[in-house]
Amino acid sequence: MNEPVQRKINKILIANRGEIAVRVIRACRDLGIATVAVYSDADRSALHVRFADEAIHIGAPPPRESYLRAEKILEAAKKTGADAIHPGYGFLSEREYFSQACQDEGIIFIGPPPHAIATMGDKQSARTAVKSNGVPVVPGTEPGLGDEELSHAAINEVGFPLLIKATAGGGGKGMRVVRRAEDFGEALASARREAENAFGDGTVYVEKLIEGARHIEFQILADMHGNTIHCGERECSIQRRHQKLVEEAPSPFMDPDLRKRMGEMAVKAAESVGYVNAGTIECLVDKDKNFYFLEMNTRLQVEHPVTELVYGLDLVKEQIRIARGRRMGPTGSFLEPNGWAMECRINAEDPYSNFMPSIGQIHTLLVPTGPGVRVDSGVYRGYEISPYYDSMIAKLICWGEDRAEAMLRMRRALSEYTIMGVKHNIPFHQNLLNSFSFMAGKFDTKWVEEHFKMDTYEEDPDESDLETAAIAATLHAHRSRQLASQVVTRNERDTSNWKWLSRWERMTR
Amino acid sequence: MTKYLTTINGKQFEIDIDKEGKVTVNGEARDINFLPLSPALYNLLIGTKSHDMVVDERDGEYQVMMGGKLYTGEVLDERAQLLASTRTGAGASSGEISIKSPMPGLVVAIPVSEGQEVKGGQTVIILESMKMQNELKAPRDGVVSRINAAAGQSVEQGKLLITIV
């Protein structure tokens, strides 16, 4: 193999916002690399703009008018003389054309080459690519088969239980679970009908239904010198509506043999597309430890810090090193994690009202610190949470010698965390960490939605807790009344105090 | 001396606060040190026990967030107690309910129509905000009397969307 050309990177533009932009800026600072932030009208006061060496305005708040405008971002890179662009996650990170456009403009894209993004970005081409390299995929058919072919393949190749899915699908429309061969024909007809009605397209395919599945993913690093390694797994089964809420590394479900086999599979999957830089192989693992390739995320993941903590890595630094054409730091795959790490996503969502997102100004913020605690965040006191972007406020990551210590530290850190001004899901995490199923590591991807309730795992509060809450509520009410009457006495109004109080009460309602 | 009748999670306490701020619970004196840290954040020392907590009040309902648990209830002073005792027990099961947009967003769908009967907990409108679809539900059984929004419409925070009687 030819020795790849070493490329200089002295300035990086971060084509993202929020905590991940801050995270990338931190790695750049550690490496002595200058940084350029881009921002929309909604983000003038955001932390990434404050932390970066330079900042360029790129448009209006909606992502389509700012963070998704490739040409604006490239223009900003040229204007500031950035050698490279880090895309973060989301936005342009998995757009083949953006990686290509960077290449065409002579700017280094800190991520995989365009063809790897393209192949992994399409479900069918990804399956075909990894299968050709001996990677197991969830058994299923291609889309577009006729009724007879599909039924034959379902019964003889896929097996039951299985899922019929609409190609144009979404929101469960046109999806059917079939458990017996004799029910297949009827289910197929109704799935096609539903897909036809919902999407105007009755094309369906069949996939084996993996019951009690866990979502386990492997971190991949690959450099331009032909080295591809894995950095162990992350457990991401705690989800709600396909949004991950808690991740941990390692997985409580993992054993050394399974890690070795899945790790080898993950490396093969990445190699099948000539992958370079950091990426993640997402897998489904069933109760019997059979595993299947699901998809590859061709970017840095939100939950990358748990891997960093158990393997002593800085994945963003490795990404930059790889993009410079150097050999990556680690020389072999990681098989033995050091301790345990857990991440809770702190979102501006109210767990007591069906996780309704919340906006507003953070007027009080106390961030946990201390042994084993890391917080990756893009907010500060006084920061305004806007409705334009996702609701993640911060990631709280805790490390311990073992899972128990990591959990205890997480409970401690959550109890220290005070965020006021927006509703947030810290109470959800506190309840989760008190639940026996979570403590025992017994959960699958449906567990939060189907078995977890905000009040199920809360121990009944004892009498003294109720009394303490009652005293607090009463003193709060009493104080409000006093504050109201003070206004009156200071100004010596001629109306009666009672009238003023009721006016004040109406005003503050 | 101000007398309060406070109910938390269904349990009632008689709490008196005198001019010096001394607190009595059900007739027993308590050693209390109550420190406001920001508009709704407090530290409360009861004897030597330290509690950090957030107290919020909305439409007469008090919420106390303490140790990762949410406590809810009401605080009635003498005047409010008097009013409550003369009020006949109609309560929350009657009257008009306004469902307002909790935040700016896009109306994705309104799966009900005017005049339709709805059950408590039934989804009456789906709103997209912060990249997520959120279902707003009827707080109790009733009839949809007015719909003030349409699918595809962008709405501001606090906009009246649906009225249920």
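Below, read A as the first sequence line, B as the second, and so on, with proteins coming before strands; counting in each chain starts at 1.
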Taking [Y]'s backbone N and O only, do any of them form a donor-acceptor pair with [X]'s side chain (distance below 3.5 Å, no angle check)?
X: Glu114(B); Y: Ile147(B); answer: yes
X: Ser358(A); Y: Val422(A); answer: no
X: His424(A); Y: Ile419(A); answer: yes
X: Asn16(A); Y: Pro87(A); answer: yes
X: Thr123(B); Y: Ile125(B); answer: no

Next item on the list: Not counting sequence neighbours, list each pair that qualifies as a side-chain hydrogen bond (donor to acceptor under 3.5 Å, both in side chains) and has a residue in residues 32-48 of chain B.
Entry: Thr364(A)-Ser38(B), His476(A)-Tyr42(B), Arg479(A)-Tyr42(B), Asn43(B)-Ser50(B), Asn43(B)-Asp52(B)

Region of [X] that comes under 4.5 Å of a non-hydrogen atom in chain B:
X: Thr418(A); result: side chain
X: Asp390(A); result: both
X: Phe355(A); result: backbone
X: Glu349(A); result: side chain
X: Ile471(A); result: both
X: Leu466(A); result: both
X: His363(A); result: side chain
X: Met420(A); result: side chain

Check: In this structure, are over 12 heavy atoms from other groups packed under 6.0 Å from Arg412(A) atom CZ?
Finding: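 Count over threshold, so yes.
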
Selection from [options] maximising heavy-atom pairs under 4.5 Å formed with chain A:
options: Arg58(B), Arg30(B), Met53(B); value: Arg30(B)
options: Glu135(B), Met103(B), Lys49(B); value: Met103(B)
options: Leu136(B), Asn9(B), Val25(B); value: Val25(B)
options: Gly21(B), Pro39(B), Gly73(B), Pro36(B); value: Pro36(B)

Check: Salt-bridged, Lys395(A) to Glu303(A), with N to O below 4.0 Å?
Finding: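 Salt bridge flag = no for Glu303(A) with Lys395(A).
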
Next item on the list: May I ask you to say whether Arg481(A) pairs ionically with Asp77(B), meaning some side-chain N is under 4.0 Å from a carboxylate O?
Entry: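 Looking at Asp77(B) together with Arg481(A), the answer is yes, because their closest N to O distance falls below 4.0 Å.
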
Check: Considering heavy atoms only, which positions within residues 154-165 of chain B lie below 4.5 Å of chain A?
Finding: Gln157(B)

Next item on the list: Identify the residue among Thr24(B), Asp16(B), Ile17(B) that makes a side chain to side chain contact (heavy atoms under 4.5 Å, CB included) with Met1(B).
Entry: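 Exactly one pass, corresponding to Asp16(B).
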
Note to self: Before we go on, tell me: are the rings of Phe13(B) and Tyr4(B) under 6.0 Å apart, centre to centre?
What the structure shows: no

